[in-house]
Every structure is written in structure tokens, then in C-alpha cells.
Amino acid sequence: MTVIAEKPKAASRIAQALGQATLCRIGGIPVYYVRFNGQLLVIVSSAGHMFGPTTAVEGLPVTELKWEPLWSFERRSKHLRPYYEVLAKTLPGALTYISACDYDLEGSTICYKIIEAFGDLKRARRAKFSSLTAGELRRAFMNLGPLDVNNAMAGVARAELDWLWGINFSRLLMRAYRMTVGKRLSLSAGRVQTPTLAEAVRRWMGRNSYVPVPSLSLSAELEVDGVKFRARPDGWEPKTRAEAQAIVRDVKERGYMVTASYKSEEESIRPPPPFNLTDLQEEAARIYGLSPYRTQEIAEDLYLSALISYPRTESQRLPSDLDYKGVLTALARQREFSALVSDLLRETGGVLRPVEGPKRDPAHPAIYPTGETPREPLDKYHRAIYELIVRRFMAVFARPLVIARAEATLRDSAGRPWRASGQRVIRRGWTHYYPYVSLEEAQLPQLRIGQRADLVSASVRVVWPASGVRLSRLALLEWMESNDLGTKGTRARIIETLLRRGFLETKGRRAEVTELGYAVYKTLAAAAPELVSVELTRDFERKLELIVDGKLSRDAVVSEAKQYVSDLVRKYSQQIDVIGRRLAELAGAVRPARTCPICGRPASGELCELHELALKELNEKLDMIAERLGLSRSEALRAVANRRSTGVWARETAQYLLRKLK
DNA sequence: GCAAGGTC
Ligand SMILES: [Zn+2]
């Protein structure tokens with residue numbers, strides 16, 4: 001019997017779980033031999049996908065795809081060759097093949113394609129397990145099921161659909177560009193990257209056309225028994241600057257406010273769950289400013305050095321059979337953790353019950369440290385990520401953080417409510433182990449109803465709110481995750497692809513859409529609206545589900561897609577000069593007939609589409625701004641043009657209008 | 001040369 005595992009680490013875990021394993025290396029690749037249930041098992045390992053769709057056909061549309069070894073046509077997969085050779089050598093002639101990849105569609109496809117190439121699908125079985133724990137693995141190998149062909153077919157369909165849409169529309173873009181500009185440029189489109197680019201464009205447009213409407217922020221400083229605290233309007237806001245100034249005068253004249261309500265309570269905040277990859281990427285960005293992709297690379301390094309468990313996971317649960325205490329004791333051998341470990345063991349009395357989050361993963365638990373000590377010193381960021389993971393692991397066992405919160409309502413002479421709040425840490429709990437949280441304290445004395453608070457000062461400030469539109473690699477990653485787009489392993493990588501193509505660029509943590517990115521988005525939104533929307537993914541998912549349930553064949557789904565994509569591509573190939581012209585104009589490679597007087601982009605009305613958008617925002621908000629601040633429209637325009645929180649295009653448009661007024 | 005999905 002020959003067992004095929006998805007990756008070397010899994011092969012090793014399977015071998016150890018099933019019995020006394022003998023390790024043999026063929027060309028450096030591990031192969032295990034183990035006797036289990038009266039049979040000799042040979043356990044070999046893949047390293048993810050060994051095969052993928054490709055074509056020898058150039059041009060457009062292209063529907064003739066074949067599955068070939070990845071090492072043979074993909075430069076970055078050259079390292080897969082030794083794995084491939086070992087599979088090719090060890091599989092032929094076995095009596096039974098056991099598909100033992102992760103139990104998900106991709107895993108099923110990996111094994112299916114390997115057995116199809118080197119073994120015999122008719123003699124294949126499936127081991128189903130959702131974690132690499134000894135008990136679960138033994139149970140899976142005692143209860144082998146039939147080969148899950150439908151799952152594999154769904155995985156094959158996923159790959160082929162992605163290939164058909166991605167390759168065809170990438171080629172369409174490149175051809176259109178080449179025909180108009182006369183130069184070659186690597187452009188791309190795909191089910192995941194294109195909706196992500198579209199979201200970046202939406203955010204970019206929202207941020208740059210943003211026109212802030214100022215709010216009048218009132219604040220009163222009060223004092224009771226020598227303790228000063230701050231109160232702000234509770235659920236109301238002055239509508240104009242004049243009204244706000246009148247309220248300040250009024251409040252100052254009376255010199256005190258009267259307590260209408262007071263309550264205080266203790267709030268207990270449980271530790272955050274153990275890390276999955278996205279949570280780790282979020283925290284590494286927040287604390288160290290690392291990009292999601294960099295964090296992922298570092299986590300993979302730490303995994304390969306056996307310092308942490310498998311990082312490409314969505315799970316927020318630790319494995320139930322993990323020896324928590326053993327890991328902690330091992331971590332205590334590292335000097336910087338020893339005091340923390342003894343604190344934790346003392347505070348829990350050795351009863352280690354981890355917090356869990358709601359997210360699950362079909363194949364892997366949350367990320368945890370293995371307890372091994374780094375063999376050589378880690379560099380700065382490897383160290384930082386490792387420590388983050390260790391500390392998060394400790395925190396999940398610790399006691400809750402306890403905060404005392406107090407809240408009071410006070411009334412001014414006109415009976416308007418003002419709110420004051422205070423908070424104080426009573427017990428640090430898990431933040432002792434995971435101190436990357438800011439615990440702001442604010443004082444509020446205990447107040448009785450009817451009690452007076454003396455006024456120290458009162459003021460009004462004009463606040464121009466920021467757009468609140470987040471556009472960064474992390475924000476895009478979070479958007480992808482919340483829309484179920486891409487996987488934990490590919491999201492960060494696909495964002496890097498958008499950068500590499502020059503569709504996005506970064507300035508520090510912020511991301512921007514480039515002119516090329518905008519041009520590609522506009523072209524695709526016109527030529528293939530399906531590809532720009534997350535609905536294409538939802539449509540794929542529905543079809544894959546039907547394949548899994550045996551209600552639809554892979555061939556039917558793929559044939560339909562071939563027809564659809566090639567019809568669409570043929571239709572647009574006929575007007576490729578129009579598409580190419582528009583793409584090139586927007587990308588700034590060709591001069592348009594009419595240009596925007598502000599920026600030189602192609603004009604869609606008087607201005608380009610982007611400055612038109614900003615103009616519309618200005619028109620919608622200018623009257624309200626003028627009224628709030630008691631200004632004329634042109635004064636309001638000048639105010640907007642000079643605010644930092646105003647979006648770039650809105651500022652430019654406001655200045656343009658001011659120049660025209662003169 | 002183009003996708004997205006595994007993993008070294
Ligand atoms: Zn413009």
C-alpha cells in the first residue's frame with residue numbers, strides 16, 4: 001500500500017502516528033515505511049500541487065489546456081522536480097493507493113492527479129482526517145473510504161475555470177495594449193485579483209474625491225473634589241458655528257452642570273483567540289508595520305525551522321491533544337520567556353484551558369509555538385513575529401483583563417445632556433503576556449444624582465473629519481477575507497501581484513492605485529463585468545458544490561466556461577482597437593482627443609471622470625459646509641480647498657473652481 | 001507571458 005501525503009511534514013506525522021516508521025531518503029526526499037494493521041505502508045510525500053493546467057497554444061481565445069508537471073513549465077516550481085521523481089519511482093505497481101492529503105478540494109485534487117499519473121485510480125482509497133493528531137490519523141487509516149473523485153473533479157474544475165478566465169483576459173489586455181502602444185507589457189486579470197483591484201479603485205476614488213463636512217465639537221472640562229474630567233454632548237450636536245458659540249457662552253455663564261445619571265461597572269475582557277494567519281498578519285501590520293506578505297514569509301520560515309506549527313491556517317483553535325504544559329515548559333528554556341511562563345503556571349494553577357475563536361479550518365489548527373529553541377539567533381523581524389506568536393499562545397490561557405468603566409450624564413442650564421466617562425484597569429490579566437494593547441485610563445469621580453460639577457472651561461472646535469477610507473495592503477487583505485476571495489495562502493501573494501504589475505503602489509503603509517491600474521480596471525469593467533465582481537467566485541462555488549454532490553459533471557462546467565469565455569473574448573477581439581485606445585489613453589501612454597483641464601486624463605464631461613466625481617461631491621456638500629460655518633459658498637470652497645483631510649481630487653477641483661471664479 | 005492554488 002502506498003500512501004500519498006500533501007507535504008513532507010504531514011508524511012512524517014502520518015508515519016509516526018501509524019507505528020514504528022523507518023525513514024529512507026531518495027534524492028533527499030523522505031519516504032517512510034511502517035507496518036500498520038498487518039500491512040506494510042510506504043508513505044511518500046508531494047509538496048502541494050505537482051500538476052497544473054497549461055497550454056502550448058499562443059493567441060486568443062485559448063481553450064486547449066492540458067495538465068502538466070508544474071516543474072516543467074513554471075520557473076518558481078523547479079524545486080518540485082525531486083518530489084516528482086520520487087513519486088514517479090515509488091508509485092507504479094502498488095496494490096493500493098491511499099490519498100492522504102488535507103481533506104479539502106485542493107488536497108483531493110493533488111492526490112488524484114498524482115495517482116492518475118503514476119498509479120491506478122481504480123485501486124485508490126481515501127484517508128479522511130481534519131488534523132494530524134495520532135488518534136485521528138489512526139482512526140482515518142482504520143476507516144478508509146472510496147477515493148473522493150467528486151471532490152477531486154471539483155478541484156480540477158476550480159483550477160481550469162481560473163485558468164480559462166485568467167489566461168484569456170490577461171492575453172486580451174496585453175494584446176489591446178500592444179496594438180495601440182506598440183510595446184509589450186505584462187498585464188493580468190483573474191477571478192481573485194481583478195475584484196481586489198476593483199475594490200482598491202473604489203477606495204481610491206472614495207479617498208481622493210472626499211469632501212469633509214466639518215462638525216462643531218463642543219467640550220467642557222468639569223471638576224468635582226479636585227478631580228477634573230471632560231464631558232461632550234450626548235447624542236446631539238450644534239448645527240452651526242453661531243449656535244455652538246452661544247452654547248459655550250451659556251455654559252460658561254452658569255458655571256456648573258448637574259449630574260443626571262452615574263453608573264460604574266466592571267468589564268471583563270477575555271483573551272483574544274490563538275492566531276490564524278490573517279490575525280497574525282493584522283497584528284504584525286499594526287504593531288510592526290509589516291506587510292501581510294512579509295509576515296507570511298517570516299511565518300513560513302519559522303515553520304520550516306520547526307519553531308511554530310503550520311501557519312497557512314484559518315483556525316482559531318489549538319489542537320485538543322497538544323501538551324500545552326509541555327510546550328510552555330519548553331519555552332521557559334528561553335530566558336526571555338521563563339518569567340512569563342512561571343507567572344502563567346502560577347496564575348492558572350496549571351489548569352490550562354485555551355480560549356477559542358469561531359473560525360475553523362478543514363485541515364490545520366491555529367498557529368502555536370512548538371517549544372523548540374531557535375538554533376541560531378533570529379533576525380529582528382523573525383524574532384518579533386516569533387515572540388508575537390509565543391506571547392499570543394500564552395495569553396490564551398491567561399485570566400481576563402478587568403476594567404472598571406464609569407459613565408455619567410450631566411445637564412447644562414438648558415437641560416442638554418453631556419456625557420463623561422472614565423476607565424481604569426483593575427487587573428491586567430492576559431495583557432501581561434500580550435502587552436500590545438493600549439489601555440488608556442481616564443478619570444471620572446464617583447457622582448451622585450443632582451450633584452454639581454464645577455465648570456473649568458468650555459470650548460468649541462471645528463473638526464474636519466478624515467475620510468476614513470482605508471487603502472493599504474492589509475485593508476485589501478481583510479476585504480478579500482470578508483468576501484471569501486482567495487485563500488489564506490494566496491491573498492497576500494495576489495496583492496503583491498497587483499503591485500508587481502504596477503496596478504498598485506505603496507507609500508509607506510498606504511497603497512495607491514496607479515494610472516495603469518485604473519486603466520486596466522476600467523477596461524475590464526467594460527469588457528468583462530463578471531470578472532470584476534466577487535459574484536464570479538460565488539458562481540464558481542455553486543458549481544463546485546454541485547460537482548461535489550455528483551449533480552453536475554466537471555466536463556459540463558468546464559465546457560460551458562470555455563464557450564462563454566471564448567465568445568466574450570471573440571466579441572471584444574473585434575473591437576480591440578477601441579479597447580486598446582481607451583486603455584492606452586487612461587494609462588497615459590497615448591494622448592486623448594479631449595483632456596481634463598486639471599490633470600490631462602481623458603475628459604468625460606468638462607473634466608475627467610475622477611475630477612467630475614470630486615465636483616459632484618463638492619456640489620452635494622458645499623451648502624451644508626457654508627451653513628455650518630456661516631460662510632458664503634466661495635468662502636466655503638476656499639476652506640475646503642485648504643483642508644488636509646479633503647481628498648486630493650476634491651482639493652484640485654475646488655482650486656480649479658476658485659480660479660474660474662476670478 | 002498570462003490565474004489561483006498547493007508547498008519548498
Ligand atoms: Zn482630471
Side-chain angles (χ1 to χ4, degrees), chain A residues 4-11 28-30 45-62 65 67 70-71 73-84 101-102 104-114 152 154-178 184-197 296-297 299-301 303-305 310-313 362-364 480 485-498 500-501 520 524 531 536-537 540 544 561 565 569:
Chain A
I4 301 122
E6 184 157 328
K7 46 187 172 285
K9 286 231 161 99
I29 306 297
S45 168
S46 187
H49 280 290
M50 279 293 134
F51 297 88
T54 185
T55 190
V57 177
E58 289 180 19
L60 202 64
V62 53
L65 64 88
W67 285 70
L70 289 175
W71 64 259
F73 66 93
E74 220 177 52
R75 187 174 303 160
R76 67 186 174 84
S77 299
K78 293 281 177 265
H79 66 279
L80 295 179
R81 184 148 192 193
Y83 291 90
Y84 179 91
C101 286
D102 297 349
D104 51 32
L105 297 189
E106 298 300 329
S108 298
T109 306
I110 291 168
C111 275
Y112 181 94
K113 282 288 170 189
I114 290 168
V156 169
R158 199 279 309 145
E160 297 187 347
L161 293 181
D162 276 333
W163 188 89
L164 286 166
W165 280 89
I167 300 298
N168 278 287
F169 282 96
S170 298
R171 287 184 180 182
L172 183 72
L173 284 171
M174 289 188 281
R175 175 183 287 189
Y177 187 90
R178 194 174 65 240
R184 284 177 178 276
L185 186 62
S186 259
L187 299 173
S188 61
R191 171 179 62 83
V192 178
Q193 66 169 256
T194 303
T196 304
L197 174 62
Q296 183 170 336
E297 283 182 330
E300 280 160 1
D301 287 344
Y303 163 68
L304 293 173
S305 320
Y310 185 81
R312 289 182 291 263
T313 174
H364 303 283
M480 292 168 88
L485 214 54
T487 68
K488 60 253 170 185
T490 58
R491 288 179 193 126
R493 200 199 299 169
I494 286 172
I495 292 169
E496 296 306 305
T497 298
L498 293 173
R500 200 170 56 248
R501 298 256 175 279
V520 164
L524 290 169
L531 190 52
L536 186 63
T537 295
F540 279 24
L544 300 190
V565 168
V569 163

Across the strands shown, which category fits [X] at heavy-atom distances under 4.0 angstrom: base, sugar-phosphate, nothing?
X: A:Arg184; value: nothing
X: A:Leu173; value: nothing
X: A:Thr490; value: base
X: A:Asn168; value: nothing
X: A:Gly486; value: sugar-phosphate
X: A:Tyr83; value: sugar-phosphate
X: A:Pro8; value: sugar-phosphate
X: A:Glu58; value: base
X: A:Tyr303; value: sugar-phosphate
X: A:Gly48; value: base
X: A:Glu297; value: nothing

Below 4.5 Å, heavy atoms only, C-beta onward: do [X] and [Y] meet side chain to side chain?
X: A:Thr196; Y: A:Leu485; answer: yes
X: A:Gln193; Y: A:Leu197; answer: no
X: A:Asp162; Y: A:Phe540; answer: yes
X: A:Lys9; Y: A:Tyr310; answer: no
X: A:Arg501; Y: A:Val520; answer: no

According to a strict under-4.0 Å criterion, is [X] in side-chain N/O contact with OP1 or OP2 of [N]?
X: A:Ser170; N: B:dG1; value: no
X: A:Thr487; N: B:dG6; value: yes
X: A:Tyr310; N: B:dT7; value: yes
X: A:Arg501; N: B:dG1; value: no

- [ ] Of all the heavy-atom pairs spanning A:Asp104 and A:Ala363, show the shortest one and how long it is.
- [x]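 Taking A:Asp104 first and A:Ala363 second, the nearest heavy atoms are OD2-CB, 4.5 Å.
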Between [N] ([atom2]) and [X] ([atom1]): distance, integer Å:
X: A:Met50; N: B:dA4; atom1: CE; atom2: C1'; value: 17 Å
X: A:Trp165; N: B:dC2; atom1: CH2; atom2: P; value: 21 Å
X: A:Glu74; N: B:dC2; atom1: CD; atom2: C1'; value: 11 Å
X: A:Leu70; N: B:dC8; atom1: CG; atom2: P; value: 14 Å
X: A:Ile29; N: B:dC8; atom1: CD1; atom2: C1'; value: 9 Å
X: A:Arg491; N: B:dA4; atom1: CZ; atom2: C1'; value: 12 Å
X: A:Leu536; N: B:dA4; atom1: CG; atom2: P; value: 11 Å
X: A:Glu6; N: B:dC8; atom1: CD; atom2: C1'; value: 13 Å

Choose from [options] the nucleotide whose nearest atom is closest to any side-chain atom of [X].
X: A:Met174; options: B:dC2, B:dA4, B:dC8; answer: B:dC2
X: A:Ile494; options: B:dA4, B:dT7, B:dC2; answer: B:dA4
X: A:His49; options: B:dC2, B:dG6, B:dT7; answer: B:dG6
X: A:Glu106; options: B:dA4, B:dG6, B:dT7; answer: B:dG6

Open item on the list: Tell me whether A:Arg184 contacts the main-chain N or O of A:Arg178 through its side chain, where contact means a donor paired with an acceptor under 3.5 Å.
Closed with: no
Open item on the list: Donor-acceptor check, side chain of A:Thr313 to backbone of A:His364, threshold 3.5 angstrom: yes or no?
Closed with: yes
Open item on the list: With a 4.0 Å cut-off on N to O distance, would you call A:Glu300 and A:Arg312 a salt bridge?
Closed with: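 Yes, A:Glu300 and A:Arg312 are salt-bridged.
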Task: Contact nearer the 5' end of DNA chain B, comparing A:Ala47 with A:Arg178 - done: A:Arg178
Task: Residue mapping more 5' on DNA chain B - nearest nucleotide basis, A:Leu80 or A:Gly59 - done: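 Checking each residue's closest nucleotide, the 5'-ward one belongs to A:Gly59.
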When only distance counts, do a donor and an acceptor, one from the side chain of [X] and one from the base of [N], lie under 3.5 Å apart?
X: A:Glu496; N: B:dA4; result: no
X: A:Arg81; N: B:dT7; result: no
X: A:Arg171; N: B:dG1; result: yes

TODO: Please confirm whether A:Arg191 makes a cation-pi placement over A:Trp165, using NZ or CZ under 6.0 Å from the six-membered ring centre and within 45° of the ring normal.
DONE: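 No cation-pi geometry.
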Open item on the list: Can you give me the dot-bracket string for DNA chain B, 5' to 3', counting Watson-Crick and G-U wobble pairs with both distances under 3.5 Å, using [ ] for crossing pairs and | for partners on another strand?
Closed with: ........
